[in-house]
2 protein chains.
Amino acid sequence: MSDLLHRLRGRGWRMTSQRRVVAEVLDGDHVHLTADEVHARAAERLPEISRATVYNTLGELAALGEIAEVSTIGRAKRYDPNAHHPHQHLVCSRCGTVRDVHPTGDPLADLPPAEQFGFTLTEAEVTYRGLCPDCA
Amino acid sequence: MSDLLHRLRGRGWRMTSQRRVVAEVLDGDHVHLTADEVHARAAERLPEISRATVYNTLGELAALGEIAEVSTIGRAKRYDPNAHHPHQHLVCSRCGTVRDVHPTGDPLADLPPAEQFGFTLTEAEVTYRGLCPDCA
DNA sequence: TCTTGACTTGGACTGTGTCCATCGTAGGAT
DNA sequence: ATCCTACGATGGACACAGTCCAAGTCAAGA
């Protein structure tokens, strides 16, 4: 994830220990942490980091497109650092576990212009729901 | 929506003025209200209805499959009474407006078995995001 | 090394939703 | 028609997710 830190520097970000730690926590594939989980893991390395800073940093990273916010129904947002590799999510309806999946086809192409109602489309998010093997 | 009230009766629901009003508020197509909006509209007809009752009733209707919960990112859940007619949603990233859309193809069929990881799939929800004509 | 404005902090605050003890009432029983 | 009672409604306290703000801190350019 030093790539990320490098890119952020290039965008004029001031590098702080807090931001570095948040970026490190989000390193890796198949990571789908809530903001509070990010805060807990960051606090292991930097005990005095505040929730506000974690929220700020996650929000900025999402606005820059470096991480993706995963939508949920009635749960806390999850943050996905795998934003540069298009994929979708498979969510357990009971326990909320998230897995990355790669469906065939391009959902954006499946929406005919007549169904776009003048919107400027930016994204098609597909969420598969079901019960994971543990909950079934 | 007397169909709905009828079906609920058949399922052993006790009919109360509160439940009737909530069901009436949710009548119609292309309705995507938050729980508080449902409460506000219900309160116009039945001023003393409580938030808890609205939440309970919406939760029960959703559990019965009579209405669908629409997932959001960082906003209040919205409830869609059009649950018996499969469709997807187009959401404005700025103002949160929701429109029903009907993409071609079947997203559930786009997930190969090797990508299902032992989950028992029940649903594929597609959310198109972009800016609506007013916000663009 | 100095300076400065961007960043961090923690606590208060808001919005969304849940829980619970108590009261009320729909609808079956008589 | 009236009574009973279990199911539903109430509202206030509570919990969780997230935001805001004033004050203090510090990264990095001069």
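Here the structure is a predicted model, which is why all the values come from computation and not from measurement. A note on names: the letters A, B, ... follow the listed sequences, proteins ahead of strands, and every chain is numbered from 1.
- In this model, a donor atom of one side chain and an acceptor atom of the other lie less than 3.5 Å apart for A/Glu125 and A/Ser71.
- Atom-to-atom, CZ of A/Arg20 to P of C/dT8 comes out at 11 Å; the value is rounded to the nearest Å.
- When the side-chain nitrogen and oxygen atoms of A/Gln18 are compared with OP1 and OP2 of D/dC26, none of them lie within a distance under 4.0 Å.
- Atoms CG (A/Leu8) and C1' (D/dA27) sit 15 Å apart, rounded to a whole Å.
- With hydrogens and angles ignored, a donor-acceptor pair under 3.5 angstrom links the side chain of B/Arg51 to the base of C/dG17.
- Nearest-nucleotide positions on DNA chain C place B/Lys77 closer to the 5' end than the other of B/Lys77 and B/Met15.
- Using modelled atom types, one side-chain atom of B/Glu37 and one backbone atom of B/Thr34 make a donor-acceptor pair closer than 3.5 Å.
- When the side-chain nitrogen and oxygen atoms of B/Ser50 are compared with OP1 and OP2 of D/dG11, none of them lie within a distance under 4.0 Å.
- Listed for the B/His39 side chain is no donor-acceptor partner under 3.5 Å among the backbone atoms of B/Tyr55.
- Ranked by how close their nearest DNA chain C nucleotide is to the 5' end, B/Trp13 and B/Asp36 are led by B/Asp36.
- In this structure, B/Arg9 atom CZ and D/dC7 atom C1' are separated by 15 Å, rounded to whole Å.
- Within the 4.0 angstrom heavy-atom criterion, base atoms lie near A/Thr53.
- Atom-to-atom, OH of B/Tyr55 to P of D/dG12 comes out at 17 Å; the value is rounded to the nearest Å.
- For the pair A/Glu115 (side chain) and B/His102 (backbone), a donor-acceptor distance under 3.5 Å is present.
- A straight line from CD1 of A/Ile49 to C1' of D/dT25 spans 15 Å, rounded to a whole angstrom.
- Under 3.5 Å, the side chain of A/Arg14 and the base of D/dA28 form no donor-acceptor pair of N or O atoms.
- Regarding B/Glu48, its CD atom lies at a distance of 16 Å from the C1' atom of C/dT25, rounded to whole Å.
- Listed pair A/Arg19 / C/dC7 meets the phosphate criterion, a side-chain N or O lying under 4.0 Å from OP1 or OP2.
- In this entry the distance linking NE2 of A/His39 with P of D/dA17 reads 13 Å, nearest Å.
- Rounding to whole angstrom units, CD of residue B/Glu69 and P of C/dT16 are separated by 15 Å.
- Contact annotation: B/Arg75 side-chain N/O to C/dG15 OP1/OP2 distance is not under 4.0 Å.
- The closest donor-acceptor contact from the side chain of B/Arg78 to the backbone of B/His32 lies under 3.5 Å.
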